There are 2 protein chains.
Amino acid sequence: MATIKDVAKLADLSVSTVSRYLNNHPYISDEKRERIQSAMDELHYVPSSIATQLRSKKGTMIGVLVSRITNPFFSYLVDAIEKQAKKDNYNVLIMQTYDDPNAEIKMLDMLKQQVISGVIMCSIEIDIKLLESYQEFGPIVLCNENMPHSILPQVVTNQEQAVYQGIGYLINQGYHKIAYCTGGTLTSKGHGKYRTRGFEQALLDNKLPFKKHWIFQDTHTIADGRQVAKELLALSKTERPDAIFTNSDEVATGIMEYCLNHKVAIPNELAIMGFDNQPFTSVLAVPLTTIAQPIAALGEESTRLLIAKLEGTAYLINQEKLNLTLIKRESA
Amino acid sequence: MATIKDVAKLADLSVSTVSRYLNNHPYISDEKRERIQSAMDELHYVPSSIATQLRSKKGTMIGVLVSRITNPFFSYLVDAIEKQAKKDNYNVLIMQTYDDPNAEIKMLDMLKQQVISGVIMCSIEIDIKLLESYQEFGPIVLCNENMPHSILPQVVTNQEQAVYQGIGYLINQGYHKIAYCTGGTLTSKGHGKYRTRGFEQALLDNKLPFKKHWIFQDTHTIADGRQVAKELLALSKTERPDAIFTNSDEVATGIMEYCLNHKVAIPNELAIMGFDNQPFTSVLAVPLTTIAQPIAALGEESTRLLIAKLEGTAYLINQEKLNLTLIKRESA
DNA sequence: CTGAAAGCGCTAACAA
DNA sequence: TTGTTAGCGCTTTCAG
């Protein structure tokens with residue numbers, strides 16, 4: 001592998017001139033420019049970014065932390081981040097946590113070690129104060145994690161409002177016995193908290209009862225959805241809700257599958273709302289009414305914000321691109 | 001940030017001793033070991049992996065090249081790769097190509113620059129000879145890209161056989177007018193080639209006709225599937241196939257959606273087979289018969305193979321884990 | 001067992 | 001406009 005020294009020698013110049021050329025400094029005569037370039041070509045020279053980084057302390061790698069890449073929400077998010085990063089010549093290091101706090105710490109340590117120059121956290125399990133303490137090693141931006149009491153820069157949507165509107169829609173459609181699924185618990189801290197707040201507020205404003213046994217916690221997968229449906233159908237007809245608002249399309253899908261298998265008509269006997277608007281939801285047995293998140297915008301804005309911090313420039317988040325949208329189909 | 005120098009000073013030892021400790025060399029007295037460790041703890045020392053890399057030429061980052069991470073096949077593959085890599089303390093740099101050869105070259109250049117120490121190619125657009133020429137800069141393994149004439153190490157499944165069996169299954173079920181979708185073209189080089197070969201062979205062995213207008217090329221998305229269905233339904237009833245074998249669950253889904261919307265019964269009027277066995281396929285309006293790929297095994301084996309090459313050890317691919325499986329459901 | 005010293009490939013003062 | 005030089009933080013001979 002040719003080094004800057006080889007190039008300098010071949011071009012009969014000093015390494016510093018070559019280095020200047022590399023960093024397109026001014027004050028290099030055109031004649032030397034050419035000599036350098038042709039020497040580089042001849043040697044197939046590529047600068048060692050490792051050496052550059054060691055010396056200049058500037059990297060080009062940004063870390064992206066997600067809980068699991070196979071969740072389409074995250075794969076679309078990573079897609080948007082990677083595309084945006086590439087535009088500014090940054091690379092993307094992926095790390096999955098599977099909700100393990102230790103994995104989060106590992107990524108943060110990479111920030112400390114300068115393996116990555118900044119990090120986008122799309123999932124947070126560790127204590128926010130601990131997370132904040134890592135800021136001294138490089139910029140950290142939170143993506144889709146609403147932490148109102150934290151000073152960390154964050155790119156978020158208004159989940160509370162979206163759920164409020166979603167529940168409002170159900171009520172408008174004539175459903176008044178509304179069950180609810182959350183990925184966390186009723187007292188949890190993640191964005192589940194905001195969704196639940198929207199749900200409770202909507203109930204309150206519409207003078208609808210909040211029934212404990214219509215609440216399902218910690219639901220995530222299609223299998224979880226089936227279980228929810230099973231419990232629902234075990235209820236006597238009078239005790240049964242007429243609609244269910246879920247925290248994910250997967251859960252909604254599981255509920256739908258189980259109901260259909262047990263001859264429960266959707267939406268007549270039970271209306272179902274999903275969350276995320278994943279590609280397959282329009283082609284389910286009963287096309288799913290759901291809420292779309294502005295995933296691409298979340299990824300883009302987070303990345304632009306992070307890169308701005310990395311480069312010491314200012315960036316104002318375009319909050320208008322960050323709206324959730326109710327997608328009306330047939331399940332509710 | 002504390003450096004090795006600070007640690008050495010605090011422990012009142014030389015940097016070389018500390019370095020030895022770091023690399024767990026033998027020949028360090030227990031007493032010094034402790035002194036070093038407590039100095040490190042006190043300073044919250046973390047070695048700079050950049051400096052280590054510059055000096056030792058050994059990195060810990062492996063590149064993974066996929067065409068698009070939002071394709072579930074790839075997100076599951078990346079998931080498996082990342083998990084396996086983590087086990088051996090390697091990190092994963094993701095790069096999407098969107099089928100752009102230049103993006104591939106960019107990743108390969110990162111290999112040259114030592115940003116990554118090795119690369120797993122899950123998608124190939126550039127010339128194989130060009131790709132091979134990059135081998136001198138670090139190990140390259142092909143994942144799910146069958147290149148029989150290349151010397152590059154590769155982890156592959158027998159797609160030809162799987163399709164042969166899939167078509168055989170359709171024939172067994174009584175379908176004899178079989179249409180076919182491919183993601184490439186009939187003359188393409190990717191793994192599409194092997195699938196098509198399996199299709200043609202199955203037709204031949206069963207003395208079934210190969211009809212040009214039952215072949216659809218370059219199909220990928222749900223939208224493509226709808227278009228295929230549209231063209232199919234435009235055919236007169238006698239000219240229409242009674243089954244269609246597709247290259248992806250998305251395409252199959254699009255076909256199903258369009259057919260159902262146009263009162264064409266699945267599988268009675270048209271049997272549909274998908275490819276990939278994505279999670280949602282079991283809950284479609286008509287649960288999809290499809291072919292499951294051993295994605296996790298592909299990811300694991302590729303990663304283990306790459307890491308073995310990186311570390312100079314031998315690794316024999318476990319081909320038995322690499323089988324495709326026919327998943328029988330209701331669409332065919 | 002331990003230390004001194006010479007770099008890895010590059011950047012950035014400081015001089016010229 | 002260009003060259004000299006001193007490191008970045010670490011590993012690795014080579015001598016004790």
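The sequence lines fix the lettering, A, B, ..., with proteins before strands; numbering per chain opens at 1. Keep in mind that this is a model prediction, so the values were computed, not measured.
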TODO: Just compare C:dC1, C:dG3, D:dG3 and give me whichever is closest to any side-chain atom of B:S14.
DONE: C:dG3
Task: NZ/NE/NH1/NH2 to OD/OE distance under 4.0 Å, A:E300 and A:R304 - done: no
- [ ] Begin from the C-alpha positions of A:Y315 and A:E301 and carry the test side chain to side chain donor-acceptor pair (under 3.5 Å) through to its verdict.
- [x] CA-CA 9 Å; A:Y315 182 72; A:E301 295 296 307; 2.9 Å; yes
Task: Listed partners of B:T60 passing side chain to side chain donor-acceptor pair (under 3.5 Å), at least two apart - done: none
Open item on the list: Please report the distance, rounded to the nearest Å, between NZ in A:K9 and P in C:dC10.
Closed with: 13 Å
Open item on the list: Any carboxylate oxygen within less than 4.0 angstrom of a Lys/Arg side-chain nitrogen, looking at B:K86 and B:E82?
Closed with: yes
Open item on the list: Using a 4.0 Å heavy-atom cut-off, does A:I50 contact any base of the nucleic acid, only the sugar-phosphate backbone, or nothing at all?
Closed with: nothing
- [ ] Mind checking side chain to side chain donor-acceptor pair (under 3.5 Å) for A:D79 and listing every partner two or more places apart, or none if nothing turns up?
- [x] A:K83, B:Q96, B:Y98
Open item on the list: Expressed as a whole number of angstroms, how long is the span from A:Q53:CD to D:dG7:C1'?
Closed with: 17 Å
Open item on the list: Please determine whether a side-chain nitrogen or oxygen atom of A:K57 lies at a distance below 4.0 Å from atom OP1 or OP2 of D:dC8.
Closed with: no
- [ ] Indicate, with a heavy-atom threshold strictly under 4.0 Å, whether B:L54 touches base, sugar-phosphate, or nothing.
- [x] base
Task: Residues within residues 109-118 of chain B bordering DNA chain D, heavy-atom distance below 4.0 Å - done: none
Task: Residue of the set B:I124, B:L131, B:L152 for which side-chain contact (heavy atoms from CB on, under 4.5 Å) holds with B:M147 - done: B:I124
- [ ] Please lay out, stage by stage, how A:Y194 and A:N158 fare under the test side chain to side chain donor-acceptor pair (under 3.5 Å).
- [x] CA-CA 8 Å; A:Y194 298 96; A:N158 193 334; over 6 Å; no
TODO: Describe, as an angle rounded to 10 degrees, how the axis at the first end of the helix from C:dC1-D:dG16 to C:dA16-D:dT1 is tilted relative to the axis at the last end, five pairs per end.
DONE: 40°
Task: Atom pair distance, as rounded to whole Å: CD1 in A:I28 and P in D:dG3 - done: 10 Å
Task: Between CE on residue A:M95 and CE on residue A:M110, distance to nearest 0.5 Å - done: 7.0 Å
- [ ] Give the B/S/- string for nucleotides 10-16 of chain D, one per nucleotide from 5' to 3', where a protein heavy atom under 4.0 Å of the base yields B, of only the sugar-phosphate yields S, and otherwise -.
- [x] BBBB---
Task: Of A:D88, A:N91, A:T303, the residue whose pairing with A:I62 passes side-chain contact (heavy atoms from CB on, under 4.5 Å) - done: A:T303
Open item on the list: Could you measure the distance from the CG atom of B:L306 to the NZ atom of B:K309? Nearest 0.5 Å is fine.
Closed with: 9.0 Å
Task: Residue pairs fulfilling side-chain hydrogen bond (donor to acceptor under 3.5 Å, both in side chains) with at least one residue in residues 37-58 of chain A, sequence neighbours excluded - done: A:Y21-A:Q37, A:Q37-A:D41
Open item on the list: Can you tell me if B:K32 touches the phosphate of C:dC1, counting only side-chain N or O atoms and a distance under 4.0 Å to OP1 or OP2?
Closed with: no
